[in-house]
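Have a look at the structure below before the remarks.
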Amino acid sequence: MPIEGPLRELSIHDVFQLLDLARKTGILRVDSELRQNGGTVYFDQGAVIGAEIRSNPHPLGGLLLRSGKLSESDLARARDMQSIGDRRRLGDILVDLGAITRRELERQVRAQVEEVIFELMGWSEGYFSFSEAPLDDVPTQATLRIPTGALLMEAARRIDEWSRIESKVPHLGVVPRLVVPDGDSGPMDLLPAEWQLLAAVDGARDVRTLAEITARSEFDVARSLFGLATAGIIALEDPRDVPVETGGELVDLIARAEAYLIAGEADAAVAAAEEAVTLGGSSNVPAQLMLGRTLLAAARPAEAADALDAVLRLDPLHGAARRLLGTALSAQGRFPEAIETWDAWSRLDPRSAEEDALGGWVGRMRAAAELLARATRAVHD
């Protein structure tokens, strides 16, 4: 009999503790409609032996390349062996080729699994389901076994440390830029990982992007940035706030796009919104939201969905972006996804007064999407 329910009633921490104490073997699935994301964790006798998440699959080969642990030629050779019939896992092939050590492989795979677990530990809403069954095929590149208790303790430590880090790094969309040192400043005494991170800072990349480039966890990058900002080596800017040096121009561009929309000049509105995104950066929520709105008006729903997804990655609880994403999906004929998106919008708490006022409109759109979905199924049947 499966163990399942909403995370609002049983927290993800409690779920892990339950599976650990009961020494369960099987698969735990956690899904969050608000985040448009889902994770899978594999348990063996209460210990975690694998994990993956939809939003951040972390292919092992790419991770090893970015971290400098593997050459492109070795990776290509291993993949060629798989393509001609070698059924071993990529990690096992790389170890046998001498491209990496078994210890390094296990360290990288464990880090991947831990990052998935720690992200899931931060979810307070969603739905979980555990199916108890023997595990025949776990999608991991190395054999590992992580005590669940150790993961819970580390998750608690990270939550405590995040409470300190978030004073300077409030979210993963924060963008660092180098600070020009004073003439009297002495040499910087930094760790190799901090030098590597500084080399990747360009004033446009946010925490997520820097983590991907440096093949480090988002938590580790945020912690390093906190230390560098405290030392005055970098400044951290929130793209959600209009930058001072470009604020007036950015506001004017967004206002111009709005004016073009009102006038019915969709193409001109898109051009102004694209210019706003270029100026404010891809992590600027107002600019991305305006781009999504203008692309919808220009009958370009697939591109609009991409822009609105970008907003929701920065702010999963953004009501307008989720409501408009439902419209963009519906315009592409993706009616079940549109209905799920509007249902997620209806569960947002709290919603702004402006969004609440649109509840009737969302209900009518949802009903129309349901009707069209049934009609589409009937045609196919």
Side-chain angles (χ1 to χ4, degrees), residues 35 37 39 51-70 104 107-123 146 151 153-179 181 188-241 243 280-285 288 310-316:
R35 291 175 171 82
N37 204 359
E52 55 192 355
I53 195 165
R54 191 187 311 150
S55 63
N56 202 2
H58 284 313
L60 177 68
L63 189 146
L64 290 169
L65 280 177
R66 291 193 300 273
S67 63
K69 306 295 183 182
L70 183 67
E104 180 61 30
R107 190 185 74 81
Q108 293 284 353
V109 172
R110 179 175 179 130
Q112 284 181 283
V113 170
E114 288 178 342
E115 286 311 306
V116 172
I117 301 299
F118 298 143
E119 179 166 350
L120 293 176
M121 289 289 181
W123 293 10
I146 309 175
L151 288 170
M153 290 180 61
E154 175 62 14
R157 186 192 68 79
R158 287 194 177 205
I159 290 171
D160 182 63
E161 192 166 355
W162 263 118
S163 64
R164 177 175 61 91
I165 293 172
E166 66 182 0
S167 62
K168 293 185 180 295
V169 189
H171 57 84
L172 300 178
V174 167
V175 176
R177 63 173 176 81
L178 296 175
V179 174
M188 293 187 292
D189 184 16
L190 302 177
L191 298 172
E194 292 173 323
W195 282 115
Q196 181 196 26
L197 183 59
L198 280 181
V201 170
D202 64 355
R205 295 168 177 151
D206 60 13
V207 178
R208 288 189 188 88
T209 306
L210 289 170
E212 182 177 354
I213 289 173
T214 59
R216 295 173 59 191
S217 72
E218 293 166 347
F219 174 79
D220 286 340
V221 169
R223 180 169 53 185
S224 293
L225 291 175
F226 174 84
L228 293 170
T230 302
I233 298 170
I234 62 169
L236 296 167
E237 296 176 346
D238 191 340
R240 301 183 191 186
D241 300 327
S282 60
S283 297
N284 186 280
V285 167
Q288 283 285 5
V311 174
L312 291 172
R313 283 195 296 272
L314 293 166
D315 185 357

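These numbers were taken from a predicted model, which means no experiment stands behind them.
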Report task. Sequence neighbours left out, what passes side chain to side chain contact (heavy atoms under 4.5 Å, CB included) with Ala200? Give chain and number order. Result -> Arg205, Leu210, Ile213, Thr214
Query raised in the report: Say you draw a straight line from CZ of Arg313 to OG of Ser283; how long is it, rounded to the nearest 0.5 Å?
Result: 9.0 Å
Report summary line: Value for CG (Leu151) from CG (Leu120), rounded to nearest 0.5 Å, stands at 11.0 Å
Query raised in the report: Roughly how far, to the nearest 0.5 Å, is CD of Glu218 from CG of Asp206?
Result: 9.0 Å
Query raised in the report: Which pair of non-hydrogen atoms, one from Val311 and one from Gln288, has the smallest distance, and what is that distance?
Result: CG2-CB, 3.5 Å
Query raised in the report: How many angstroms lie between CD1 in Ile234 and CG in Leu225, if you round to the nearest 0.5 Å?
Result: 4.5 Å
Query raised in the report: Residues two or more places apart in sequence or in another chain: which of them pass ring pair (Phe, Tyr, Trp, His ring centres under 6.0 Å) with Phe226?
Result: none
Query raised in the report: Taking all non-hydrogen atoms of both residues, which atom of Arg177 and which atom of Gly203 are closest, and how far apart?
Result: CB-CA, 4.1 Å
Query raised in the report: Any luck finding a side-chain donor-acceptor pair between Gln108 and Gln112 under 3.5 Å?
Result: no
Query raised in the report: Any salt bridge (Lys or Arg N to Asp or Glu O under 4.0 Å) pairs touching residues 221-236, not counting sequence neighbours?
Result: Glu161-Arg223, Asp220-Arg223
Query raised in the report: Residues in salt bridge (Lys or Arg N to Asp or Glu O under 4.0 Å) with Arg158, at least two apart?
Result: Glu115, Glu154
Requested in this report: Looking only at non-hydrogen atoms, find the nearest pair between Trp162 and Val169 and report the distance.
Outcome: CZ3-O, 3.9 Å
Requested in this report: List in chain and number order the residues that pass side-chain hydrogen bond (donor to acceptor under 3.5 Å, both in side chains) with Glu166, two or more places apart in sequence or in another chain; answer none if no residue qualifies.
Outcome: none
Query raised in the report: Atom CD1 of Ile233 and atom CD of Glu194: how far apart are they, to the nearest 0.5 Å?
Result: 7.0 Å
**Report entry** Student check: side-chain heavy atoms of Leu228 and Leu190 closer than 4.5 Å
**Finding:** yes
Query raised in the report: Which heavy-atom pair separates Val201 from Pro176 by the least distance, and what is that distance?
Result: CG1-O, 3.4 Å
Query - Sidechain-backbone polar pair: Ser167 side chain, Arg164 backbone, donor-acceptor under 3.5 Å - result: yes
**Report entry** Value rounded to 0.5 Å, distance of CG in Asn284 from CG in Leu314
**Finding:** 9.0 Å
Query - Listed partners of Glu114 passing salt bridge (Lys or Arg N to Asp or Glu O under 4.0 Å), at least two apart - result: Arg110
Report task. Search all heavy atoms of Ile165 against all heavy atoms of Ala222 and return the closest pair with its distance. Result -> CG2-O, 3.9 Å
Query - Where Leu236 and Lys168 come nearest, the two heavy atoms and their spacing - result: CD1-O, 3.4 Å
